Amino acid sequence: MEDDIHAGLGVQPKPSTWLTPKDLQQELRIGERLVYRLLKDSTIPSVRLGGMYRINREHLEEFLLAEHQLGK
């Protein structure tokens with residue numbers, strides 16, 4: 001019996017641990033201005049490296065889950 005990789009099925013690559021604002025915009029399907037406003041006022045947790053925002057995927061998922069639970 002063949003494993004998935006050798007059978008041609010492949011394995012989905014693991015998503016990047018760090019997102020750029022553009023990645024965040026695409027994943028949340030929101031506008032660029034809203035992304036930067038959410039990052040600037042720390043609504044979405046992020047860090048700035050060399051003047052550029054980076055968003056940890058785990059922290060983002062935790063934030064989104066908490067927001068979803070508050071909305072119930």
Side-chain angles (χ1 to χ4, degrees):
M1 182 174 224
E2 296 182 45
D3 59 32
D4 289 345
I5 293 173
H6 293 104
L9 298 177
V11 176
Q12 290 288 343
K14 189 173 183 178
S16 174
T17 303
W18 293 94
L19 303 171
T20 65
K22 187 71 170 174
D23 296 332
L24 183 63
Q25 181 183 350
Q26 292 172 347
E27 288 205 16
L28 298 183
R29 295 185 176 125
I30 59 177
E32 181 179 13
R33 291 174 67 185
L34 179 56
V35 166
Y36 281 101
R37 186 172 29 153
L38 294 171
L39 295 173
K40 187 175 180 180
D41 68 9
S42 299
T43 301
I44 292 180
S46 65
V47 295
R48 286 189 68 159
L49 301 171
M52 296 164 53
Y53 286 101
R54 293 295 179 257
I55 303 96
N56 182 293
R57 183 178 295 277
E58 267 186 52
H59 294 164
L60 174 63
E61 290 172 358
E62 290 169 5
F63 165 77
L64 294 173
L65 183 59
E67 286 295 307
H68 177 72
Q69 290 175 345
L70 285 176
K72 286 187 174 181

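From a predicted model like this one, the values you see are computed outputs, not experimental measurements.
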Salt bridge check, R37 against E32: does any charged N sit closer than 4.0 Å to a carboxylate O?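 No, this pair does not count.
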
same_hphob_cluster([X], [Y]) at 4.5 Å side-chain heavy-atom cutoff:
| X | Y | answer |
| --- | --- | --- |
| L19 | F63 | yes |
| W18 | I55 | no |
| Y36 | I44 | yes |

Atom pair [atom1]/[atom2] of [X] and [Y] - distance to nearest 0.5 Å:
| X | Y | atom1 | atom2 | answer |
| --- | --- | --- | --- | --- |
| L39 | L24 | CG | CG | 6.0 Å |
| E62 | R57 | CD | CZ | 13.0 Å |
| K22 | T20 | NZ | OG1 | 8.5 Å |

What verdict does the side chain to side chain contact (heavy atoms under 4.5 Å, CB included) test give for M52 and R48, after you've listed the backbone C-alpha separation in whole Å, the side-chain angles of each residue and the deciding distance to 0.1 Å? CA-CA 5 Å; M52 296 164 53; R48 286 189 68 159; over 6 Å; no

Flag yes if more than 12 heavy atoms outside E58 fall under 6.0 Å of its CD atom; otherwise flag no.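 No.
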
Steps toward side chain to side chain contact (heavy atoms under 4.5 Å, CB included) verdict (L60, L64): CA-CA 6 Å; L60 174 63; L64 294 173; 3.9 Å; yes

Got P21 and R54 here, is their nearest side-chain heavy-atom distance under 4.5 Å?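 With C-beta onward as the side chain, the pair touches.
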
